[in-house]
Amino acid sequence: SSCPDTLLDGNVIAFNRRGVWAASGALTMTNCLVRGNSPGGGVVMDYSVQGRILNCTVYGNGGGPDVYPEPAGIFCGSSSPVTVANSIVWANYPSQIGGYTTASVSYCNIQGGIAVPPPVGGRGGAIAGGASAGEGNIDAPPMLTPDGHLRLGSPCIRAGKALADLYSNHDVDGEIRSGRHGVDIGLDQYNDADGDGLPDWWELAYFNDRTAAAPDADPDGDGYTNITEYEVYSSAPTVPAAAFYVNAEQPDDSGDGRSWETAKKTIQAAIDLSDHSDRVYVAPGLYPENVTTGGRLILLSGLDAHDPD
């Protein structure tokens, strides 16, 4: 849609047909996660929009032949100069950045790097066509959690730069970014006072102290340690993982799915109730359905309802 001087800050735009589509005007995106959108891709800047993508993470989006052809990460349309700075653009298919207008890219982590000049026709190639390389770009696995935060040891930590108005002075959790102390690439500014892999914002949110949580502890007793909850599932360490049950012998999906007696009839109905790290147990049977997790990281397991042990 048209975007006269629009700011998107701290938004999660995930698992839609298309992430962001902007036409005309000006759009600035800061601290946004654009993930898993397909087949329309992650970000489309078109029809002379003036776009800026700052401290964002554009990850795992897919393109298709029925929409603007590649790239699936960031597409720069006709007369649409786009500036990308201090951002992660990774694991988008078929490519990362490109289009009909060249993007200016600085202090970003771009999978495959920057291909200059762009391929014939101006569209993104297998790597990242249609982008001009500024300073400070890297090409290294970003080490992300499912919700786009950085993990200890990420190459994005302190690899960005406070470029005038081309960075956000706060991150997605409200932590301050400062050129004095270094700027991280992506939506997260990673601070970890005790160096244990659990960042300060996370320990404060769940334990009210920057150094209170132990990585190997399991305070909610669900079998997942704190470090697993943070790095693998982006789940709450103080809320036990839930279990949901599915049995094709049930008459319908009216049960709450919390036991075999009240099981759901379809797998999708149980998944729709779940969150990161939850478990969905499925009894033997015929399930004629197409299933999508909607980006949830869950354990889906077969289990005999008549002999659950």
Side-chain angles (χ1 to χ4, degrees), residues 3-9 13 19-34 41-59 61 63 68-92 94-140 142 155-156 158-169 177 179 182-187:
C3 52
D5 298 322
T6 299
L7 171 66
L8 292 178
D9 180 64
I13 305 155
V20 175
W21 184 74
S24 72
L27 173 65
T28 297
M29 297 174 59
T30 59
N31 301 312
C32 290
L33 173 64
V34 183
V43 180
V44 175
M45 301 280 195
D46 208 357
Y47 297 107
S48 303
V49 71
Q50 306 293 308
R52 299 194 308 160
I53 300 173
L54 314 177
N55 285 109
C56 289
T57 298
V58 182
Y59 181 88
N61 300 280
Y68 291 102
E70 71 262 81
I74 300 170
F75 182 91
C76 310
S78 177
S79 301
S80 298
V82 177
T83 298
V84 188
N86 292 302
S87 294
I88 298 168
V89 188
W90 200 269
N92 303 286
S95 59
Q96 312 306 318
I97 302 176
Y100 299 108
T101 304
T102 297
S104 174
V105 182
S106 299
Y107 291 93
C108 290
N109 190 2
I110 310 291
Q111 186 176 18
I114 302 295
V116 180
V120 175
R123 295 176 180 169
I127 305 178
S132 64
E135 296 181 342
N137 294 306
I138 62 174
D139 173 15
C156 298
R158 308 303 186 261
K161 190 172 184 179
L163 294 167
D165 60 346
L166 297 182
Y167 81 107
S168 172
N169 62 9
R177 287 193 184 98
V183 172
D184 292 358
I185 295 174
L187 57 81

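Looking at heavy atoms from C-beta onward, Gln96 lies out of side-chain contact with Val105 at the 4.5 angstrom threshold. Put simply, the side chain of Arg158 does not reach to within 4.5 Å of the side chain of Val183, judged on heavy atoms. Under the 4.5 Å side-chain criterion, counting only non-hydrogen atoms from C-beta, Tyr167 is not in contact with Ile185. The closest side-chain heavy-atom distance from Ser106 to Leu166 is not below 4.5 Å.
Heavy atoms of other residues, nucleotides or ligands lying less than 6.0 angstrom from OH of Tyr59 number 12 at most.
Partner Leu33 forms a side chain to side chain contact (heavy atoms under 4.5 Å, CB included) with one of Leu187, Val58, Ile13 and no other, that one being Leu187.
In this structure, Ile53 CD1 and Ile97 CD1 are separated by 7.5 Å, a value rounded to the nearest 0.5 Å. Atoms CZ and OG1, from Arg52 and Thr30 in turn, are 9.0 Å apart once rounded to the nearest 0.5 Å. Rounded to the nearest 0.5 angstrom, Ile138 CD1 and Asn109 CG are separated by 4.0 Å. In this structure, CG on Asn169 lies 11.0 Å from CG on Leu54, to the nearest 0.5 angstrom. Residue Phe75 holds its CZ atom at 11.5 Å from CH2 of Trp21, rounded to the nearest 0.5 Å. Put simply, OG1 on Thr28 and CD on Gln50 are 10.0 Å apart, with the number rounded to the nearest 0.5 Å.
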Working for side chain to side chain contact (heavy atoms under 4.5 Å, CB included), residues Val20 and Leu27: CA-CA 10 Å; Val20 175; Leu27 173 65; 3.9 Å; yes

Side chain to side chain contact (heavy atoms under 4.5 Å, CB included) assessment of Asn55 paired with Arg177: CA-CA 10 Å; Asn55 285 109; Arg177 287 193 184 98; 3.5 Å; yes

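Closest of all the heavy-atom pairs between Ala159 and Tyr107 is O-CD2, 3.6 Å. Closest approach of Val49 and Ser24 over heavy atoms only: CG2-O, 3.5 Å. Across all non-hydrogen atoms, the minimal contact from Cys108 to Asn86 is SG-N, 3.6 Å. Taking both residues in full, the closest heavy atoms of Ala72 and Asn92 are given as C-CB, 4.1 Å, listed atom of the first, atom of the second, then distance. Across Cys56 and Met29, no two heavy atoms sit closer than the pair SG-O, 3.4 Å.
With Ser87 contributing its side chain and Thr57 its backbone, the two residues share no donor-acceptor pair below 3.5 Å.
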